[in-house]
Amino acid sequence: MDNDAVFPVGDAEYDAVYAQEAAMVDASELIARALDASGKSQAELARSLGVSRSEINARLKGERNITVRTLAETLHALGARLELTTADETDSTRARARVWRPRRRVHSTESRTRDWVRAEDRHAR
């Protein structure tokens, strides 16, 4: 393990937790992209799933550890289908560091909201 690193590089326990958190973020991104593509609002999605709008908001923020079944159901309600794949940890697309930056977007209601998009930092490892 590299003791000079900000995060414990090479620590198996840390790597396992990181993999779990990354999967939760990936799931929330899938939902967000499907929601945008569907043209539905969070409230419409909540009604179609029989859950509260705050539940949908939590799923979009990656705050819910949802099951594969719940993820598939959510995507289905948005007209999308869940496909699962695996990636080797040494895969360069997965190993690159991720940087989050704010993006402004105008919604159909003409109100401005801030959402976050992921940009890959090509200089980080």
Side-chain angles (χ1 to χ4, degrees):
M1 186 168 88
D2 183 357
N3 291 330
D4 295 331
V6 175
F7 297 105
V9 177
D11 181 295
E13 186 176 337
Y14 173 83
D15 291 345
V17 171
Y18 179 83
Q20 293 170 17
E21 294 299 319
M24 289 178 61
V25 169
D26 290 347
S28 66
E29 288 177 349
L30 286 174
I31 295 169
R33 283 194 302 267
L35 183 61
D36 282 345
S38 74
K40 288 184 178 181
S41 68
Q42 290 183 28
E44 290 170 322
L45 176 58
R47 278 192 298 276
S48 69
L49 293 172
V51 299
S52 67
R53 188 175 177 281
S54 63
E55 172 63 23
I56 297 302
N57 194 27
R59 291 179 191 181
L60 288 166
K61 289 181 177 181
E63 295 173 352
R64 290 289 187 266
N65 186 8
I66 61 176
T67 65
V68 173
R69 186 179 308 255
T70 301
L71 178 57
E73 176 188 34
T74 303
L75 294 173
H76 177 75
L78 295 169
R81 184 171 61 90
L82 177 62
E83 291 184 1
L84 300 174
T85 62
T86 60
D88 187 330
E89 286 295 320
T90 60
D91 181 2
S92 63
T93 60
R94 200 65 179 152
R96 279 184 263 180
R98 294 188 175 125
V99 177
W100 294 86
R101 61 181 169 77
R103 178 181 73 183
R104 293 253 184 215
R105 184 177 68 192
V106 177
H107 290 275
S108 59
T109 60
E110 297 300 322
S111 65
R112 288 198 164 281
T113 61
R114 174 177 284 208
D115 58 302
W116 295 86
V117 293
R118 183 172 64 187
E120 293 179 353
D121 182 359
R122 303 206 190 289
H123 303 291
R125 178 173 140 65

**OP:** For Leu75 and Ala34, work out which heavy atoms get closest and say how close.
**Re:** CD2-CB, 3.7 Å
Subject >> Straight-line distance of Asn57 CG to Gln42 CD, nearest 0.5 Å >> reply: 5.0 Å
Subject >> Over all atoms of both residues, closest heavy-atom pair of Met24 and Gly62 >> reply: CE-O, 3.3 Å
Original post:
Shortest non-hydrogen contact from Glu44 to Gly39?
Top reply: OE1-O, 4.2 Å
**OP:** Please report the closest heavy-atom contact between Arg64 and Glu55, naming both atoms and the distance.
**Re:** NE-OE1, 2.7 Å
Original post:
Rounded to the nearest 0.5 Å, how far apart are CG of Leu45 and CG of Leu78?
Top reply: 4.5 Å
Original post:
Rounded to the nearest 0.5 Å, what separation is found between the OG1 atom of Thr70 and the CZ atom of Arg59?
Top reply: 6.0 Å
**OP:** Run the salt-bridge test on Arg69 and Glu73 with the 4.0 Å N-O cut-off and return the result as yes or no.
**Re:** no
Original post:
Can you hop from Val25 to Leu71 via hydrophobic side chains spaced under 4.5 Å?
Top reply: no
Original post:
CD1 of Ile56 to OG of Ser41: how many Å apart, nearest 0.5 Å?
Top reply: 10.0 Å
